[in-house]
Amino acid sequence: MTYIVKPVNHHPNLEKNKLGLTRRDYEGTISTLCAGCGHDSISAAVIEACYDLSISSDQIAKLSGIGCSSKSPSYFLNQAHGFNSVHGRMPSVATGANLGNKDLLYLGVSGDGDTAAIGIGQFMHAARRQLNITYIVENNGTYGLTKGQFSATNDQGSKSKYGEENVFAPIDLPTMAIQLGAGFVGRSFSGDKQQLVPLLKAAMKFEGFSLIDIISPCVTFNNHLGSTKSFDHIREHNESVSSLDFVPIGKEIKTTYKEGTKVDVPLHDGAMLTLEKLSKKYNPLDKGQAIQSLNEAEKNGKVLTGLLFINPEVKDHAEILNISDTPLNQLAEKELCPGAKKLAKINASLN
Amino acid sequence: MTYIVKPVNHHPNLEKNKLGLTRRDYEGTISTLCAGCGHDSISAAVIEACYDLSISSDQIAKLSGIGCSSKSPSYFLNQAHGFNSVHGRMPSVATGANLGNKDLLYLGVSGDGDTAAIGIGQFMHAARRQLNITYIVENNGTYGLTKGQFSATNDQGSKSKYGEENVFAPIDLPTMAIQLGAGFVGRSFSGDKQQLVPLLKAAMKFEGFSLIDIISPCVTFNNHLGSTKSFDHIREHNESVSSLDFVPIGKEIKTTYKEGTKVDVPLHDGAMLTLEKLSKKYNPLDKGQAIQSLNEAEKNGKVLTGLLFINPEVKDHAEILNISDTPLNQLAEKELCPGAKKLAKINASLN
Amino acid sequence: MNKISSINEFVIKFANVNGSGSASANQMFAKGIFRSGIPVSPKNIFPSNIQGLPTWFEIRASEKGYLGRKAGIDFMVAMNPQSYTQDVAEINPGGYLLYDSSWKRDFKREDINIIEVPLTTLCVDEFNNPKTRLLFKNLVYIGALSYLMNINKDIFIKLIEEQFKGKEKLIAPNVQALEIGFKYAKKHLVDACKIKVNQANLTDGMILTNGNNAGGLGCVYGGATVCTWYPITPSTSLAESYKKYCDQLRVDENTGKNKFAFVQAEDELASIGMAIGANWNGARAFTATSGPGISLMTEFIGLAYFAEIPVVIFNIQRGGPSTGMPTRTQQSDILSCAYASHGDTKHVILIPSDPKECFEFSADSFDISDRLQTPIFVLSDLDIGMNDWTCPEFEWDDNRKFDRGKVLSKDDLDSMESWGRYLDVDGDGIPFRTLPGTHPEKGAYFTRGSSHDEYARYIEDGEVNARNLSRILKKFEGAYKFLPKPIFKQETNASSNGLIYFGSTEAAMQESLDQLSVSGFPIDAMRIRSFPFGPEVWNFIDQHETIFLVEQNRDAQMKTLIVSEGNVNPEKFISILCFDGSPITANFISESISDVLLNKNTSQPAEEIK
Amino acid sequence: MNKISSINEFVIKFANVNGSGSASANQMFAKGIFRSGIPVSPKNIFPSNIQGLPTWFEIRASEKGYLGRKAGIDFMVAMNPQSYTQDVAEINPGGYLLYDSSWKRDFKREDINIIEVPLTTLCVDEFNNPKTRLLFKNLVYIGALSYLMNINKDIFIKLIEEQFKGKEKLIAPNVQALEIGFKYAKKHLVDACKIKVNQANLTDGMILTNGNNAGGLGCVYGGATVCTWYPITPSTSLAESYKKYCDQLRVDENTGKNKFAFVQAEDELASIGMAIGANWNGARAFTATSGPGISLMTEFIGLAYFAEIPVVIFNIQRGGPSTGMPTRTQQSDILSCAYASHGDTKHVILIPSDPKECFEFSADSFDISDRLQTPIFVLSDLDIGMNDWTCPEFEWDDNRKFDRGKVLSKDDLDSMESWGRYLDVDGDGIPFRTLPGTHPEKGAYFTRGSSHDEYARYIEDGEVNARNLSRILKKFEGAYKFLPKPIFKQETNASSNGLIYFGSTEAAMQESLDQLSVSGFPIDAMRIRSFPFGPEVWNFIDQHETIFLVEQNRDAQMKTLIVSEGNVNPEKFISILCFDGSPITANFISESISDVLLNKNTSQPAEEIK
Ligand SMILES: Cc1ncc(C[n+]2csc(CCOP(=O)(O)OP(=O)(O)O)c2C)c(N)n1
Ligand SMILES: Cc1ncc(C[n+]2csc(CCOP(=O)(O)OP(=O)(O)O)c2C)c(N)n1
Ligand code: SF4
Ligand code: SF4
Ligand SMILES: [Mg+2]
Ligand SMILES: [Mg+2]
């Protein structure tokens, strides 16, 4: 038995959010990941973001595939609805869940093996459909749970723990997602809470497919010298394209960003995303430029992070499909079953 | 019984290639596709290309998935080795076949349903591995064999035969392939033999992953007004990026292309690809530019054709894996089985 | 020359070229007979091809209501020179051959009646456009048949009017074509045919439809709001039927918005994944597929089984294995459904035998799936799914309510001390579930395909896991209570020989039983309609010495299921197997059985008939 | 205080924290006993986790050669406070508990012997680096055990030297840690333990290895040149073993090039597709996977079956269904392998019971697969695959030649008039094949999963297809001739009770049979080693009145296979089922059987024991 519920001791002085909840209320069970695993920092960031946004956990569905990363949803938001599905197929389960109830907030958690190898097809089609989800890839360039094989996001020439060299070029998930029309694409680093939390908040508020590719070093199998997904390597090669502020609806925008470098992006529910471009060349609203920059950065061994692309005009899957305002799982029986009278007409059409 | 072998009547005056074979020798069984189907023109182009290159059919493996397009390999190269596998999984079968014998010429034939939907994962990973194959997508924007559903390459807003509008954005396979590092990427039109045949020849000579996305209208289900994959639509929106000449090894290059617009690309076996850029901006050796141009063209409703991208420096999968020069299926038993003596040593290491 | 003479009992077959528009004309002809009050069973025998290959359309008309396929053709309409040889050979002595005598031909059979109609010539004379001319040719032969068989021409005119509702321009030329044929026959072919249709009223209260149309409609009535699928013959039309009826019945009149979702997935792994996701959220969702799709869904099916998520899967079986014969019928996915997925798994299966049952089982399947919290297969086949059947009208009781099974509401949760997702509270192995978003604080749990305890917590304790697996088995063992019971052809048993069959072989069965009775071999028959089997099935087996088991597969898969699930001695069973892709015939069944029974009195029984 | 006293017969268990480096130390301890000449069976009981959760390592040492798991621990090395309670409870009365007494603890059991070793304190005193200190702690307890159990310390020193070959710097500190423990015990724990190891020679000619290591090596010897796989516990190490041995044995000395290909595919659909493609081309190729992978391969398996392409699939079974218990053992994929894929399919299965057979069956599987032109499953499990077993040395006959089956050479083709890919020339249902590129003009054919005739031509003629399917069945029915025959524990039958078992339950079986014999229930036993079953299996079943069938699954899957394939009366069988994920024990088997046999004489037999 490995499930241990942390006693939620509400310290009277703990900070509370709009719902009157403390960060503790957003925690999950105790992590069984390796001490120091990047994935745990991401769980912490998710907790932080949900706390900040004052989201009620019961309105959140957290879905995942299989892998160390895919275990993470157990380690945050105890009161959210969890679904640890099968390897690489979370996108389809999430798509179905969203069809059933478009009003929940969907957090998808996956790994680089789970998404870029076995799951790449479902990932691409979910992006293409503009599934309304915050799709988090906890990207460590390796298969943690099966003990350190190369994944498809591992960089060419990067070395395994056992000294072997990866001979294949990586699949860059953000580039793929942007190319496929995903509405919101970002990258971050599990070690950079500053950047990650606002990115997560914005993604959760975005209505459409939001990918956040988070480099999340595997301390056990891919954090050595020669690995390009180690803490050290990422810290050295990280290049942030923008600084991001998420401003909820009703709040005043008071960033100190310099005019000219500042971009304001209104989100669907009226909240605002303000960002300061750190590189003048970079425009996160331009698909072509985003892809170009990502490819160039890769060539130069840089890892671009931040909000890489956003298209605030997309419609999400439910909207594209013209699904009724009442979630499908809440339609009353009489709205669904046409009854005997209508059936008589149908019979008449068949004789 | 639908298999009818055409009598191969060698007309004494039929033109012969270097192997002394006529075009007839490269034919297949009589097509059972609809009269006028674009796929049949592609079969004709394949026949032409193989005839021109004087390839012996027995050194060719032709593999496919499932669909009208995937039936095509029956309709060309009777003496080649055919494998009509399962839906969307041709790339893996071809990868295995290539591992078994890297010296055959691999022709992969697929459809847009077969590749862009169920098969997108295998397609991407084969491209990423730089599998040495000429991968032909007979792209009609629809599921021909299952009677006209939209495929994932169908353009947003394009209409079905029954008037329904496609609500999703297309997956552009060439862009994907270029992004993934495929060495050779082209697009053509089944109605343009002039462009298609040299492209096929170059692809077959190229050692690495060669994609040719061929728009191939489905006369039965997707050739109406409102479709963006109809003969008429493609003829109107086709924009060729280059004119291509394939010059086999030893032949003199005598194109009439203007200097400055001309690019010569040496292929692995010494043959030469000469191409005239029709658009000054376009450089098929530049990945970033290729993707950019493709995206722009799409935005403008144009269909770029020709050789879209080439990287003559790639190593193919077998080379990357450092596979022995003798194909694996031809290694002698004594090279494979280490024998009793070596086993004694292994036993010793285990006690 | 001998002429087959028959009223309201015959088989007519049309040999055409695929893609020439013949199917809809032939369908119309079948409907003409149906509207004359005679039960019909049209069968479309089509290639896995879009245009050009031979295709056939076989119609059996039978006032006795024998609607199984019957070998030997009474009337052949041979429109495809490519298949002349084969088509002519199939005609019964004394039967008829109608062909396009624009090109005369000697068919080298003295024992059949050749009926010549110069179809092409007639069309060329009347129609200009060569493409429509091709289509009208079909109507011309329908017109000729209308005269020859004495089917009221007005019925066809009405059918044409109905068909071209909205495209009224097309009515006149179609009727014209019909008339051309009729007139030609009236002038040149008086008394050419002694097979006649006499108006009757045997189809009152009946409809003519196919199982996929019915199945799609059943999903609408069953409250399915989500259909996620991937195209594959012969299941595609079930999904399309659902969409068609939803477009009619489930679009909000005020907002124009859809009270359903219809998603063509990228493949079958995704389509089942989506259906599972939607059901997890409490929306009724289904997918429809065929053999290859089932194989691809295998991993996900195991997840739904073990995590106990309802999901309805239609498998419209076709000829296997592998791509096999996509346009032919079989019942060969029984084991691959019953035991789908690795590990210890067993799945509930419903087996309809005609469109009426497709409608009913389809609607029922959602209740059963919710009740049992497990995947449900509705196992139909190409013959039921894609061919039209004469069957009773669909019925619906407006007092019927959805059975959502053990789902806890917000109030339930508020009134509960504690709750465990996988606790067996009622002793029936069925736990209670909650739907996401029901309650702000209670009822959240973690769904997973890895081992878990009664509270849905991840565990690696083998005993806890074994306990959970045993409870799931218990649930399965009680499942028969919620499933359609078998149907018996007899009120009480009258023979020591029993016959078990299921699904589409129903069509041939009454005829076969009558034949056997006539031959002095009356036999008791039971049609299985679901798996796992209930006591009625075991009793029937107990009560008979010998059991014939009729299946349309090679490996006697249903026998495996019966024998292994019921600890029944397999020696009792004699399998009658037909797996060539054509629907089984009454004659084949009767002959197989009577051969065995004759032998039984004399020598050793033949063990298996294929 | 009572002290268990035993020589060369005991169970010792180590309770550790996952990821703390304990596994390799414990493995070394097992090997120490093995090198002392005593058969051992170490079992690593690990969580599906990388670091931090409890993990156990159980070693049974038995000079009698009883190597099955045994419940009840004689000596517990409790290194994990998290699992103290559970660990202490498992110790037999009179048994021993060794723990890290740096933190003293009262274990509240009066009936066991507590052995205190202040491991942490000892390490802190001697080693500076806290990380290596953690690792050395393991060596310290090995040292203490070496003294306590009287295992020659030099054996461990040698093992350390072997382990750190190439990293010689590490030898000294490891030996130092060992010595610390040894010295501490010598000083403080004289006579603390009466369980001893006496040097013997019972492991001469034996090796200590696991089934996956052996299986990978078998692939090298069987001539496999292509391994395409996707990581999944517990099969990963088989692929890795193949790679390891290829790196040693299959790299061309001159060119440095590989005479093999090793491809980590993107998923299991791709890995099996690649293996099929390579085999189609005539290269011997295999894939290795576990339950979820098998489910994903289901569609492709049907293709290989129907298109008759050889391919070897290793299924190292784990706890199902779904993700289930990835790090526990079961035999629950029998049906999902035997009948994998939609349509009528049956597959050949080889079932090894120890690493030696893993090696042999692995090499054989390629011959069998080529011979039969069909997929072959090698069905192992986590217990065999990942745990080390004491087994006889591997053997190889240098005169042995690959059997490539009916493959036509260029000369064959030149000398033939005609050839049909799927023609049954020899009457055994096995056709002749060609490999692409063999001949410039002859022997090309079209491989497909759709229906085809004897010449590999696409057809839709149902009878031709049925003929082909029947031939494939005939091939299958004759397959037993090429498969490993069952093994009998007795020369001739001596009882009316028979026992059937297979695979990893072998480990517990001899002990159980001996126990039963002693209890007055001698019983005949047969170990099945392959499917389909041959006459030996049917005879054994015929010759016994009652048959106990031991399986590690819930649903008695092997029974289903036997009953349905052999038309055997299921009532004859009494299933003994263990499906909690732990290897079955001799006691469980013996008790279950003797309970039934005792009851038999008095009352009704219990039908199933779980
Ligand atoms: C169908 C299937 N194949 C293989 C596995 C084994 N498996 C479990 S996790 C995993 C890889 C996980 O890698 P990634 O998604 O990168 O997660 P990480 O552990 O690195 O966070 C694999 C291959 C499985 N569970 N299911
Ligand atoms: C696993 C599986 N799912 C579905 C099908 C049914 N199917 C056959 S062909 C096809 C689509 C073919 O579309 P495409 O590849 O575009 O070929 P086209 O016919 O348009 O040339 C589908 C879905 C199948 N054969 N196998
Ligand atoms: S193995 Fe790697 S990814 Fe998995 S928990 Fe440990 S550090 Fe994290
Ligand atoms: S249906 Fe379309 S794709 Fe298929 S053969 Fe006909 S025209 Fe070609
Ligand atoms: Mg990873
Ligand atoms: Mg297509």
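Note that the coordinates shown come from a computational prediction; the quantities given were computed from them, not determined experimentally. Chain letters run A, B, ... following the sequence lines, proteins first, then strands; residues in each count from 1.
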### Ring center gap for D/F306 and D/Y422 short of 6.0 angstrom
no
### Message
Quick check on the 6.0 Å ring-centre criterion: do D/Y305 and D/H347 meet it?
### Response
yes
### Message
If I compare all heavy atoms of D/T289 with all of D/I294, which pair ends up nearest, and what's the gap?
### Response
CG2-CD1, 3.7 Å
### Heavy-atom pair of closest approach, residues C/I276 and C/F300
CD1-O, 3.5 Å
### Task
Give, as side chain, backbone, both or neither, the part of C/F46 having an atom under 4.5 angstrom from any heavy atom of chain D.
backbone
### Query
Does any heavy atom of chain D fall under 4.5 Å from the side chain of C/N553, the backbone, both, or neither of them?
both
### Message
Which residue in the set C/S295, C/P321, C/S322 passes side-chain contact (heavy atoms from CB on, under 4.5 Å) when paired with D/S341?
### Response
C/S295
### Query
Would you say the side chain of D/L303 lies within less than 4.5 Å of the side chain of D/E308, judging by non-hydrogen atoms?
no
Please rank [options] by heavy-atom pairs under 4.5 Å with chain D and give me the top one.
options	answer
C/S564, C/G302, C/P292, C/S48	C/P292
C/N465, C/I472, C/L561, C/I562	C/N465
C/D555, C/T345, C/T323, C/D580	C/D555
C/G293, C/S332, C/G320, C/A307	C/S332
C/K346, C/M297, C/E463	C/K346
C/S336, C/S290, C/G449	C/G449

### Message
Using 0.5 Å steps for rounding, measure from the OH atom of D/Y458 to the CZ atom of D/R448.
### Response
8.0 Å
### Query
For D/L269, is it the side chain, the backbone, both, or neither that has a heavy atom closer than 4.5 Å to a heavy atom of chain C?
side chain
